[in-house]
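Notes to accompany the following structure.
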Amino acid sequence: MDWLLDPFQVSFVRQALWAGILVSLICAVAGTWVVLRGMAFLGDAMSHGMLLGVALASLAGVNVLIGGLLSAGGMALGVNVLSRSRRLSQDTGIGLLFAGMLSLGVIVVSHSESFAVDLTAFLFGDVLAVRPDDLAGLAAALAVTVLAGAAGHRLFVALAFDPRKAHTLGLRPRSAQALLVGLVTLAIVASFHVVGTLLVFGLLIAPAAAAALWARSIPRIMLGAALLGTGSTVIGLIVSWHAATAAGATIVAVAVAAFFLSALADVLRRRIPSEVSR
């Protein structure tokens, strides 16, 4: 049992654990709607499109979270504007914004000789470097996420399952979509410092997708995603401690592995009754 508890005797690992739990809870709320709404491409594009804002903020000596928030917010605004065009599909608009902002970010990075270390942390995160003020920021982001999710729950449900009916009922699907994109933006910006932009997408999608295979209601999907994300954090930190692997990447790898195990179990669950009935 000592090998399970040894990593958490160290203060920075305990802080990483709390950070991972907070991020898991944030991603459970936002990720559930991303999965149900089919917004995976948007989440991926926004997580990578933040590079421009983070690069500019780093070069200007400003907090990179502010740069990431402004960049992701600008992309979210651009998506909402382009989605109103009848001649351009939403995926096309997202793809164009994704490519444009990512390329500009790479251009900015290429003109900096001292950005390599910061870029590595941006892409892959550094959960073991989380500080108490980072935990306070994550707790605040979680509070906002829960409040926004609760306030927009009815709108999100209508938007996820029948946008036309939502419009008929006067629920303003465009406003709901904007609020949902804002929720995803908050989750990505709050979480990228922990697991990096290349990996936050996995933590946003994998636990919610795994839970959606088994749960039959939205609150249960969120609860399942929160439990899977928290479990992935604990297991990932233990494995990374003993195997000397990158902590953030290991956490996400465990979460993705949990999804595939859940999918396999779901397939077996569906096949066994059919085999018995034969």
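- Under a hydrophobic clustering in which Ile, Leu, Val, Met, Phe, Trp and Tyr are joined whenever their side-chain heavy atoms come within less than 4.5 Å, directly or via other members, Val35 and Leu228 fall into different clusters.
- The ring pair (Phe, Tyr, Trp, His ring centres under 6.0 Å) pairs that include a residue from residues 229-270 are Trp3-His242, where partners are two or more places apart or lie in different chains.
- Within the 4.5 Å cutoff, side-chain heavy atoms of Ile221 are placed close to those of Leu36.
- Closest non-hydrogen pair, Thr250 versus Gly236, comes out as CG2-O, 3.4 Å.
- Note that the CG atom of Leu261 and the CG atom of Asp266 stand 12.5 Å from one another [nearest 0.5 Å].
- The shortest non-hydrogen separation linking Ala255 to Ser232 is CA-OG, 3.3 Å.
- Every pair passing ring pair (Phe, Tyr, Trp, His ring centres under 6.0 Å) that includes a residue from residues 17-38 is listed here, sequence neighbours excluded: Trp33-His153, Trp33-Phe156.
- In the hydrophobic clustering (ILVMFWY side chains linked at under 4.5 Å, chained through shared members), Leu227 is joined by Leu223.
- Of the residues listed (Ile26, Val29, Val144), the one engaging Leu186 in a side-chain contact (heavy atoms from CB on, under 4.5 Å) is Val144, and it is the only one.
- The two residues Ala30 and Val184 come nearest to each other via the heavy atoms CB-CA, 4.5 Å.
- Between atom CD1 of residue Ile21 and atom CG of residue Leu135 there is a gap of 10.5 Å, rounded to the nearest 0.5 Å.
- Note that the CG atom of Leu52 and the CG atom of Leu70 stand 10.5 Å from one another [nearest 0.5 Å].
- Across all their heavy atoms, Ala28 and Ala226 have their closest contact at CB-N, 3.5 Å.
- Atom CG in Leu180 sits 6.5 Å away from atom CG in Leu183 (nearest 0.5 Å).
- Residues in residues 203-214 take part in no salt bridge (charged side-chain N to carboxylate O under 4.0 Å, His left out) pair, two or more places apart or across chains.
- Hydrophobic cluster membership for Val239: Ile235, Val254 (Ile, Leu, Val, Met, Phe, Trp, Tyr linked by side-chain heavy atoms under 4.5 Å, directly or transitively).
- In the hydrophobic cluster analysis, where Ile, Leu, Val, Met, Phe, Trp and Tyr join through side-chain heavy atoms closer than 4.5 angstrom, Ile66 is grouped apart from Met75.
- For the atom pair CD1 (Ile251) and CG (Leu237), the distance works out to 4.0 Å, reported to the nearest 0.5 Å.
- Side-chain contact between Arg154 and Val157 is absent, with no heavy-atom pair separated by less than 4.5 Å.
- One distance of note links OG1 of Thr233 with CG of Leu25; it measures 9.0 Å at 0.5 Å rounding.
- Of all heavy-atom pairs spanning Ala211 and Ala225, the tightest one is CB-N, 3.6 Å.
- Trp214 and Val267 fall into different hydrophobic clusters, where Ile, Leu, Val, Met, Phe, Trp and Tyr are joined by side-chain heavy atoms under 4.5 Å apart, directly or via other members.
- In terms of modelled atom types and a separation under 3.5 Å, the side chain of Ser191 and the main chain of Ile188 share no donor-acceptor contact.
- The closest donor-acceptor contact from the side chain of Ser71 to the backbone of Gly68 lies at 3.5 Å or more, if one exists at all.
- In terms of heavy atoms, Asp134 sits closest to Ala129 at OD2-O, 4.3 Å.
- Cluster membership for Phe12 and Phe8, using ILVMFWY side-chain heavy atoms within less than 4.5 angstrom, is shared.
- Take Arg14 and apply the salt bridge (charged side-chain N to carboxylate O under 4.0 Å, His left out) test, not counting sequence neighbours, and it matches no residue.
- Using a distance-only test at 3.5 Å, with no hydrogens or angles considered, a donor-acceptor pair links the side chain of Ser24 to the main chain of Gly20.
- The hydrophobic cluster containing Val62 does not contain Met50, counting ILVMFWY residues as joined when their side-chain heavy atoms lie under 4.5 angstrom apart, directly or transitively.
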